[in-house]
Amino acid sequence: MIALAVSSFPDVAAEAAFGVAGSQAVVIFAVVLVLTAVALAWVGAATGLRRVVAVLLGITSGLLAVLMLGFATSGTWVVFAVLLAHCAVATAVIGWLLLRGPNPVQPSWLGR
């Protein structure tokens, strides 16, 4: 929703911290990375790969927080700041859970 709003409305794009293309890239990268993390947690991938994705999720969470601050300080588009705050926290929590998930050597009954 944020990517569409930034690309569709010039007023929203003016408040985006990374500009139109950068803000869209951050939001779309965050969505793809979260879906990758969920798939890795579901399948039970190798610990090294899960750590790399978790670190990338932490970095992405920080970028979403910076984007949120841009909308929060504008005063006009605070609703986008609230949505991005939730996204930043959820992204960080998913990364933390990816690190804390079961070891691939241990059997997991999730999805079976």
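To the nearest 0.5 angstrom, Leu33 atom CG is 9.0 Å from Leu40 atom CG. Distance check: Thr91 OG1 to Leu56 CG gives 12.0 Å after rounding to the nearest 0.5 Å. Interatomic distance, Thr60 OG1 to Leu67 CG, rounded to the nearest 0.5 Å: 12.0 Å. Rounding to the nearest 0.5 Å places CZ of Arg51 at 6.0 Å from OG1 of Thr47. Summarising the geometry, atom CH2 belonging to Trp77 is positioned 13.5 Å from atom CG belonging to Leu84; distances are rounded to the nearest 0.5 Å.
Hydrophobic clustering (side-chain heavy atoms under 4.5 Å, transitive across Ile, Leu, Val, Met, Phe, Trp, Tyr) groups Ile94 together with Val52. Residues Val32 and Leu63 are members of separate hydrophobic clusters, defined by side-chain heavy-atom contacts under 4.5 angstrom among Ile, Leu, Val, Met, Phe, Trp and Tyr. Hydrophobic clustering of Ile, Leu, Val, Met, Phe, Trp and Tyr side chains at less than 4.5 Å, counting indirect connections, keeps Phe29 apart from Val31.
For the residue pair Leu64 and Ala88, the shortest heavy atom distance occurs at CB-CB, 4.0 Å. For Ala81 against Met68, the heavy-atom pair with the smallest separation is O-CG, 3.0 Å.
No donor-acceptor pair under 3.5 Å is formed between the side chain of Ser23 and the backbone N or O of Val20. Here the side chain of Arg50 pairs a donor or acceptor atom with the backbone of Leu98 at under 3.5 angstrom. In this structure, Ser61 contributes its side chain and Leu57 its backbone to no donor-acceptor pair below 3.5 Å.
The closest side-chain heavy-atom distance from Phe18 to Val66 is below 4.5 Å.
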